[in-house]
Each structure stands twice: as structure tokens, then as C-alpha cells.
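One structure is given here, and the rest of the page talks about it.
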Amino acid sequence: MADGADKPLLTDIAARAGVSMATVDRVVNRRKGVSERTRRRVLEAARAVGYLGDDEVLRIGAERALNVTVLLPAGTNPYLRLLGDRVRARIDRAGAGDPFLRCYFIESFNAAALADALRKSAEWSDAIAFFAIEHPEVRAAAAEVEGQGTRLVTLVSNLGDRAGVAHVGLDNHAVGRTAGLLVGRLAGRDRGAVALVAGSRNYRAHSDREAGFLSLIDEMFPGLSLVGLREGHDDAAENYRHTLALLDQQPDLVGIYNVGGSSGGITRALRERGRGDVVFIGHGLTEDTRRALLDGTMDAVLDQDPSVLLDRALQTLAEPGARPDPLKLDIYFRENLP
């Protein structure tokens, strides 16, 4: 793009191409609603007046790849921050034929904010990948933007079967059962209390994991009693306080399963109280969970590779009507860390 006082303006492009300013803005910013013939005329005009260089014209003018927006919950969840980092890395190394990506973090656990973000993102996006909140407002917004032609896929947590939106993630009921099996086997006790910590039951992934965990414990380890689910909103400080309360109130606590993120708060409490005897299973292989596995505070981490998650989501969005199979669950212990 030209620099200096004589830098060309969008009005110069519009005059040369014989189109409106609004059309020029759509082409330069890759918005929808412009025919391929007009788009190429505008790009040639932008090159001719010096607004865009050859490389910029090549990238913007390639057979238009999808505009894809990724919407993730804001907050301190290390796994979701890692996923956001992977999206930004894809943006930095994007080639001419790759999707144009944008990534935004939306207020966590706020259905109205997510619904609003879906509608606003659809103005630019051909497709949206989002971490869903199972809520009527979000389902309504998803149906609206999908009805207008925007492709959708949910990541990690879905909208439920009724919504009909493609999903990329784990079989979370099976994941919860796996966690229950690990807690029961590793605890090695006929009696004792086990606890669940979740981000929120409004995340379908968390409620499905909870249901799977409970079904397995009831089926295979009936002597273990559940002491209730604490919602920590994927916040390390909240998880820390919940864990301290559990340790104070349940001297017979033998296991904790964190169905969400921010396990660092739980490991902090276990270390401070010297409760290395408590079996702890969590999610997401990040720096904090890696450290906890190495020092023995965590026993196992259930993981879905964020790069594979993103790749599968983009593949699904590129193939309308695709319904991908669940991702492979990775289970990490201290001895098999990558």
C-alpha cells in the first residue's frame, strides 16, 4: 500500500473502477456481497492507483477463500488461550489460498454476548466456528445466521442435537466415563468421596462429562460417594477456593475431576494442603497441567489437540453439510508427556 502525503484514497479506486465507495470498501476488506467480476475490477483499479501492491492484490484477489471468524470465551482458561494462540499463528502464516481468519474472545458464560457476536460476525464471515453456550438465545442467533447462508461449526462444546449445527470435539459423555474409570481405579478405595468441578453446566461439554462420570462411578464404584458439583467458571481463583472448601469439609476425599479448565487453582490448593493422596484428573495439556503432572499433583490430563481441533473445524466449514466424527481423546500421564 502506498505511503506518504499523496497516498491514494478509496475514492480514487471507486472513480477508476466506476463503482461506489461501499463496493470498494467491501472488496478491500473482503466483505461479502460483491460479484467476482466487480471484485477483480476494483482490485485492478486499486493496483493502478497505487493503493495496493502486487502481493496485496494477489492475496486479496485469489479465488476468494472463506472469511472465517473464531469466537472463544474470554477468561483465564489456559487451554482456550492456547487455542486462540493457534488461531493467531494460522493467521500469521496464511497463504493466498487459505481462509481469512479472525479470532475474538467473548465474555464467558454470557449467552446474550455470544448471540450478539454471532450476528455481528456474520456481516463479514462466510463461516463461524464458536465455543457454544447451550441457551435459547444462542440457538436462535445460530439459526438466524445459518439461515442467511453463514456456515457454522461449534468447537469443544455444542448446542445439542436439536440445533443441527455441525460440531468438532470429543465424545464428552465417553470422556466423562473415562475420567470416572481413572478416578475409581487410581483411588483404590472401596469407600470415600469424589468431587466434580466444572466451568458451567451451560456448557454442554461440561454437563455431558458430568453425566458420563456419574454413570461410571455408579456402575463400577458404588462405594464412592459424590459430594456435589462446584461451578468454578473456568477461573483458577474460584477453583482454588472450591478445592480448599472441599478439603476442609470432606476429610475422606479421594478424588477430584475437573470437567472444565483452569486446573491450576485446584493443584495449588492440593499442594498447600499436602494432599498428594487425592487423585486428580483434569483437561487440557498446557504449561500448568504439565507442571502438575511432573510433580505428581495431577494423575492424568484428558486432552484434545488444539491444532487438530482447528484444522478439523476449518475442513468442516469448507464442506457444507459435513458432520465430522468425534476427535480422538489423548490421555497424558507423567510418563508419556510429549
### Query
Side chains of S125 and T69: do they bring a donor and an acceptor to under 3.5 Å?
yes

### Query
Is there a donor-acceptor contact under 3.5 Å linking the side chains of N77 and D234?
yes

### Separation between CG of L214 and CD of E219, rounded to the nearest 0.5 Å
12.5 Å

### Query
Just by modelled atom types, is the G212 backbone N or O under 3.5 Å from a matching donor or acceptor in the R177 side chain?
no

### Task
Check whether any side-chain N or O of D299 sits under 3.5 Å from a backbone N or O of F280 as a donor-acceptor pair, and report yes or no.
yes

### Message
Under 6.0 Å between ring centres: does that hold for Y79 and H283?
### Response
no

### Summary
Which of T243, N258, L196, L246 passes side chain to side chain contact (heavy atoms under 4.5 Å, CB included) with R230? It is L246

### All side-chain contact (heavy atoms from CB on, under 4.5 Å) counterparts of A22, not counting sequence neighbours
S20, R26

### Task
Classify the angle between the aromatic ring planes of Y203 and F131 as parallel (below 30°), tilted (30 to 60°) or perpendicular (above 60°).
perpendicular

Would you list the atom pairs, donor with acceptor, under 3.5 Å between side chains in residues 149-160 and any protein atom, with sequence neighbours excluded?
| unit_1 | atom_1 | unit_2 | atom_2 | d |
| --- | --- | --- | --- | --- |
| R151 | NH1 | L317 | O | 2.7 |
| T154 | OG1 | A166 | O | 3.4 |
| T154 | OG1 | H167 | ND1 | 2.7 |
| S157 | OG | R204 | N | 3.0 |
| S157 | OG | A205 | N | 2.9 |
| N158 | OD1 | G160 | N | 3.2 |

### Task
Show the numbers, then the answer: is there a side chain to side chain contact (heavy atoms under 4.5 Å, CB included) between Y51 and E56?
CA-CA 10 Å; Y51 187 88; E56 292 169 301; over 6 Å; no

### Task
With side chain to side chain contact (heavy atoms under 4.5 Å, CB included) as the test, would you mind laying out the steps for Y257 and V194 before giving the verdict?
CA-CA 8 Å; Y257 172 38; V194 294; over 6 Å; no

